[in-house]
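Here is the structure we will look at, set down as structure tokens.
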Amino acid sequence: AAEDGASEPLTRWLIEPHEERRLVLKFFSDDIGEFAANLRFEVVGGINGNAPVALAASGVTAFPSISKDPRNVFMRRVRTRPAIASKQYILDRDQYDFGPLLAGRDPASHRPEAEEGQPPPPLDKHVLRHIEYLRITNSGPFEAKVSFAFESVTKEEEPDADPTKKKTGDGKPAFEDFPFVVEPQSLALDVEETKEVMVCCFPVKEGTYTDTLVASVEDNPEPVKFNFIAVGSIPKVQLDTTDVDFDRLLVKQSAARVVRLSNDCAIPVRWRLVPPADGIPPAFAVDPPALEGTIAVGEERPIGVTFSSAEAASHRFKLKLRIGDTEGLRELADTEELAVGAEAFVVDVAPEFSDGGTGLNFGDIRVGHTVEQQFLVANSGKYAVNFEVKVRRKAIAEILEVDLGEEEGLAALEPGQKRTVKVRCTPKKEMQCPDLGRRGARGDELELLVYEAKTGEPVQLENPPITLAFRAMFNSFTVTPPRGLNFAPVKLGDSTTHEFELYNDGFFKFDWFLFDPARPGSEGGAQKPSGGEFAMGPFRISPAEGALGPKESTKVQVKFVATEDKHYDCKIGIHVDGMPDTAGGTANFNGSKRTGVEDQTAQNFFVMAGGGREPGFREYLLTAESCAPGIDTETVQTIFEEQFVARNLEDAIATAGRIDIRAFCEEDRVFSFGPVVVSGPGGAPDSSGLDAAKFRISNPKAIPCDVRVDVACRGVSGSDP
């Protein structure tokens, strides 16, 4: 202690014997911390070097304080902020995030009123979303008196403050701009005591709100601050379209559209589609059927609308979209309208036939010949269509040509229009439709396929298939006699005439002509004769060409003139248009084989060698023999069958071994009677006939002849016999 009036503290004292002196030690520091020092006392003239004594002194300086460690203050913490935070302390941002909160909730809801004599009711779960409890702990060595206030309330208005921020009458910022509340606003904490502070955020409108809670400890110049952030949100959704237009659709066909409803806000949204007063037409179906639901944050919900009508009709109505929060704070409110429209129509397209029937009847057709028929396709509907005619069976498609009047593709048919369809039939073989050889054959070979012009969708019509009827056959004829003409032997210089008959036993008129099958024309086919007559060798044929209608016949005359001693076999070709060109029996229209006369008629038909494909023809054989009357003078073995025949008489005698041999000598062409007994003058021949020789005279010709035999002396002209 310093003496009175002394400017410096005393460090030396005079102490009388048995006297004591009290010293006062004061401790004060401008810095927070722990301090220590030694006080040394000495007695002048004392023992042991002035009798030194040391006194240790220490002291601690501190402020009253609370813990500001987030791990102690906040119960829920994360290192980094998730996509959507929800009442979490974000360590890397040093900020507590309430996340999205429904805007417009009454701040008084965090203090519900209790009935008289009853404890306060528990807080609603949705209100708890707006509340967080902070744990405040006295971490200092002294009792702490703490006051709490948000920085938006405590800080003075800055010159460049946002003019849009409203002020209350007492100059405080408006709650709608800073919707944070702290309760209680003050605490008294003993050392190491912990109490809770409630922080609320009730956004009034949509937006992001930030503020800082300032905790001021009495006698502590440094406040503790905690940063807060919250997002005020109101229900919002977005429709990707407000017009669901099915345009036009065929009756009994179905179409679906999808409207996508997306949540554009930060809170879940409850939605509902309100139908019109008279309800949704039965032709429409909406998925989900309840017409309401909940859509989460960031979710996209598809709403399906399907249209299918059993009858022609036009519909147009609106669905009102109402949305609201999922917490039941407010009623659903109207937002947008979803317009729905559709038209169901029928396609009335049908074929029309001249005879009022349901198909095409070509009747009898010659194989290889083309027959054309036509029918109309009429559009009695409201809209344009495209159509085509399809042939069901491949075998029929190969012989039919359908002409729609278009170069390619489908034919267009406007409303009220009629279009002609041409069908050409060219059979390539004998056949019939319906095929009687097939079980259950009906002839439904053509089908009218119709397509909606705008969408190209096929239309299912109730029209029956288009029937097809025809019978395809070759020309057919018979020749009588069927195996050819045989004129028999004819005497040289004479002539004879026979005839054969051509009969058209088919169903079509045909042209015919005769020709030489061994002498084809310039193009390799049959060469038609010029004029009305046809000559081949010794035969003259007339007429050589003509025409025959069904079941008609004609006579063809063949004249044979015998000019040479010769046998004749001549083949003539009978050409008829529309005949089969295959050899052997040909099939009838029903698939069975020809027999009898039909097979004889067809069996000789073939394709001529040479050029292109030529209709078949029949070869007809003409046989005749021209003969000159005569007897056999050359076959000596036959003439002298009862005599000996030798090269000469000497050979005959040598062979027989006697001279009285009767023989014919081939070199001399002499018959030798051998030695004969001479009779007297006037003697008569031996009536017994022992000296007579018998010769055979034969007629090798096919005609009879008269023979006269005269005996004359050899080498003597005009001698008596």
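Numbers here simply count residues along the sequence, with the first being 1.
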Going from [atom1] on [X] to [atom2] on [Y], what distance comes out if it is rounded to the nearest 0.5 angstrom?
{"X": "Y383", "Y": "F345", "atom1": "OH", "atom2": "CZ", "value": "7.0 Å"}
{"X": "T242", "Y": "L321", "atom1": "OG1", "atom2": "CG", "value": "11.0 Å"}
{"X": "L261", "Y": "I295", "atom1": "CG", "atom2": "CD1", "value": "4.5 Å"}
{"X": "N361", "Y": "F470", "atom1": "CG", "atom2": "CZ", "value": "10.5 Å"}
{"X": "E337", "Y": "K320", "atom1": "CD", "atom2": "NZ", "value": "6.0 Å"}
{"X": "E132", "Y": "C200", "atom1": "CD", "atom2": "SG", "value": "10.0 Å"}

Per salt bridge (charged side-chain N to carboxylate O under 4.0 Å, His left out), E445 is matched among R393, K394, K390, R392 by R393
[X] side-chain N/O to [Y] backbone N/O, donor-acceptor pair under 3.5 Å:
{"X": "D240", "Y": "R260", "value": "yes"}
{"X": "S86", "Y": "G99", "value": "no"}
{"X": "N475", "Y": "G506", "value": "no"}
{"X": "R419", "Y": "E414", "value": "no"}
{"X": "N504", "Y": "E552", "value": "no"}
{"X": "D505", "Y": "F477", "value": "yes"}
{"X": "N379", "Y": "L413", "value": "yes"}
{"X": "N386", "Y": "Y451", "value": "no"}
{"X": "R76", "Y": "K87", "value": "yes"}
{"X": "E452", "Y": "K454", "value": "yes"}

Less than 4.5 Å apart, any side-chain heavy atom of [X] and any of [Y]?
{"X": "D124", "Y": "S109", "value": "no"}
{"X": "F508", "Y": "M473", "value": "yes"}
{"X": "L102", "Y": "P235", "value": "yes"}
{"X": "F375", "Y": "V423", "value": "yes"}
{"X": "F284", "Y": "L319", "value": "no"}
{"X": "L404", "Y": "V389", "value": "yes"}
{"X": "T208", "Y": "I229", "value": "yes"}
{"X": "L446", "Y": "L360", "value": "yes"}

Testing the basics here: between [X] and [Y], what is the closest heavy-atom pair and its distance to 0.1 Å?
{"X": "Y209", "Y": "P179", "answer": "CD2-CD, 3.4 Å"}
{"X": "I466", "Y": "F353", "answer": "CG2-CZ, 3.7 Å"}
{"X": "H110", "Y": "V127", "answer": "CA-CG1, 4.0 Å"}
{"X": "L448", "Y": "P351", "answer": "CD2-CD, 3.8 Å"}
{"X": "P281", "Y": "F317", "answer": "CD-CE2, 3.5 Å"}
{"X": "A384", "Y": "A453", "answer": "O-CB, 3.2 Å"}

I would like to know whether E352 and K418 meet salt bridge (Lys or Arg N to Asp or Glu O under 4.0 Å); could you show each step before the answer?
CA-CA 9 Å; E352 297 180 358; K418 294 183 178 182; 3.2 Å; yes
For a side chain to side chain donor-acceptor pair (under 3.5 Å) with E292, tell me which candidate from R270, R322, R272 qualifies.
R272
Does [atom1] belonging to [X] count more than 12 external heavy atoms closer than 6.0 Å?
{"X": "E331", "atom1": "CD", "value": "no"}
{"X": "Q460", "atom1": "CD", "value": "no"}
{"X": "K318", "atom1": "NZ", "value": "no"}

Between F202 and F175, does a side-chain contact (heavy atoms from CB on, under 4.5 Å) hold up when you go through it step by step?
CA-CA 9 Å; F202 292 95; F175 184 78; 4.2 Å; yes
Going through the distances and angles, do K429 and E398 end up as a salt bridge (Lys or Arg N to Asp or Glu O under 4.0 Å)?
CA-CA 11 Å; K429 62 180 180 180; E398 291 176 349; over 6 Å; no
Kindly indicate whether a cation-pi arrangement holds for K551 with F507, taking the cut-offs as under 6.0 Å to the six-membered ring centre and within 45° of the axis.
yes
Carefully, step by step, assess E327 and R129 under the rule salt bridge (Lys or Arg N to Asp or Glu O under 4.0 Å).
CA-CA 11 Å; E327 301 177 10; R129 285 277 298 113; 5.4 Å; no
NZ/NE/NH1/NH2 to OD/OE distance under 4.0 Å, E545 and K528
yes
Please determine whether side-chain contact (heavy atoms from CB on, under 4.5 Å) holds for the pair V269 and K236, giving the CA-CA distance in whole Å, both sets of side-chain angles, and the decisive distance to 0.1 Å.
CA-CA 7 Å; V269 177; K236 279 186 179 181; over 6 Å; no
Does the pair V479 and L502 meet the rule for a side-chain contact (heavy atoms from CB on, under 4.5 Å), with working shown?
CA-CA 5 Å; V479 184; L502 290 178; 3.6 Å; yes
Starting from the C-alpha separation in whole Å, work towards a yes-or-no answer on side-chain contact (heavy atoms from CB on, under 4.5 Å) for F307 and L249.
CA-CA 9 Å; F307 173 70; L249 198 66; 3.7 Å; yes
Carefully, step by step, assess E343 and R248 under the rule salt bridge (Lys or Arg N to Asp or Glu O under 4.0 Å).
CA-CA 5 Å; E343 178 185 4; R248 62 175 189 259; over 6 Å; no
Do the side-chain N and O atoms of T370 and T426 include a donor-acceptor pair separated by under 3.5 angstrom?
yes
